[in-house]
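For reference, the structure is listed below as structure tokens.
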Amino acid sequence: MFLSILLYVDPGSGSYLIQVIIAAILGILFYFKNIWWKIKAFFWRPKKEDTSENDNING
Amino acid sequence: MANYTRHPASFKDPSGFVFEWEGKYYRQVNQYYAAQYRQLMDSGLYAQLVQKGWLVKHEEVHTNLTNSDDWYLTLRPETIPYISYPYEWCFAQFRDAALLTLRILRTALEFGMILKDATPFNIQFHKGKPVFIDTLSFDTYDPSQPWVAYRQFCQCFLFPLYLEHYLKSDIQKILSTYINGIPVDIIAKLLPLKSRLNLGVWLHVYLQNTNIGEKGNKATARFSRKKLNDLVTHLENIIRNFPDDKPIKTTWSNYYDDTILSQSYLQEKEKLVRDFCAQTGARTALDLGANDGHFSKILAGMGMEVVATDMDSRCINRLYLETKKQSGLALLPLVMDVSNPSPAVGFNNQERSAFHDRIQMELVLALALVHHLVIGRNISLQTLAGYFNKIAPQLIMEFVPKDDEKVQQMLRSRQDVFIDYHQEQFETVFSQYFTIKRQENIPGTKRTLYWMVRK
């Protein structure tokens, strides 16, 4: 039973370190993207930022 | 008291399980999950998700219906009438299910909780919209830990979407084999070379496919809320940027637009179908070979609950995008090949039931389908009548004779071995299983519409 709980709560056991690496790469990427947005916003009127709330998955 | 049947798919999670009792479905919350359940309810997360229509509503039943020792609470969720599985969804349905999962994850994080699993089987389509049905998927969030269900999300949502996006082909049959998601080593081999130029594919597929992650564990992998936010934002961006519809034209995707069949044929047929359907008195209908759903929409408009199926996922994609806009329409479009419907799969072949065991309707509609099955798939009229007898209490079927232009088109590319394919034989064979209540010629054609009732 104990083992089955562990298996259940840990479906991505091998994916922990990968997530850390991916998140680190994304962190750097988003950092520069932010700077780029700020530069753009300085010269042009900022566009309304896209958020997931704008998606129309619910029709 | 404990006269209940545990749902065969509900065996993985120690937090609780789904069971049937006196014809209704319930979800038991075990003591093991009591603290998390209280957090879900007391933090306001449940109310928020239900108010947005993202999570299925439930009532609390304070009775231990299963007589189990570790019982904490019983939930009676709102009924979802028709259960569908990811390998029956079109691309847009799959994409919306993935986005809903991420959106729920984001909301859960605001309330100090996280999704402990991310499988499309936790999503169902109800009144045209995706809804999350596993109330016990929420766990307390620990910001120092990565997302436990990240790999599962990739295998179950992201990889199938990538595959369909890059291959531009239907992948439903692949998904019905890999019900727990497509393994990363398989997807890495299936995606075309050009996909390597895409950052998302490179990070979530090829990097995951290396052995870098194998040495990692909970202790060495330190995470943060910001890192998780970045990861979720990236996954959302990838999925939102997939186009709604693929630009490929298939055999069926413009059937009614391009067809040489005249508009008057469609109008006459529509009049007859309306008339026949009204006579049946049926409240639920399964439309087989629905194409763009023209007749499914008519039936839904008449107040019936309709499941519309077609083997062409682009047709179903178009229909889904259309029904999504019409809020509350009881029409569920699904990808299904009549000559090979979804089988029972999973543990003990009971985890996910076969299509026709799951979706049983009072009326089955089979318009302009018979020639595709008999001449296209070599299924004899006798075998076909037996199949319809199994699935259809009432049947509305269109017979398309051999001298019809569409049948002639099909016969041009193959030898005519169908000596028994004619109207008289059709009636003889179907009369063994059904009582023919009414039959009408569709004006301007040699086609006939039948209304039959199972004997």
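Just so it is clear: chains get the letters A, B, ... in the order the sequence lines come, proteins before strands, and each one is counted from 1.
Lys297(B) NZ: more than 12 foreign heavy atoms inside a 6.0 Å radius. Heavy-atom contacts from other residues, nucleotides or ligands closer than 6.0 Å to CG of Asp69(B) number 12 or fewer. Annotation: Phe11(B), atom CZ; neighbour count of heavy atoms from other residues, nucleotides and ligands within 6.0 Å is above 12.
With a threshold of 4.5 angstrom between heavy atoms, Leu102(B) does not approach chain A through any atom at all.
Counting heavy-atom pairs closer than 4.5 Å to chain A, the top-ranked of the candidates Lys227(B), His234(B), Gln326(B) is His234(B).
Distance check: Ile22(A) CD1 to Leu231(B) CG gives 6.5 Å after rounding to the nearest 0.5 Å. To the nearest 0.5 angstrom, Ile18(A) atom CD1 is 9.5 Å from Leu203(B) atom CG. Residue Leu26(A) holds its CG atom at 11.5 Å from CG of Asn229(B), rounded to the nearest 0.5 Å. The CZ atom of Arg151(B) sits 11.0 Å away from the OH atom of Tyr16(A) when rounded to the nearest 0.5 Å.
The closest side-chain heavy-atom distance from Asp230(B) to Tyr31(A) is not below 4.5 Å.
Under a 3.5 Å cut-off, the side chain of Gln19(A) and the backbone N or O of Trp147(B) do form a donor-acceptor pair.
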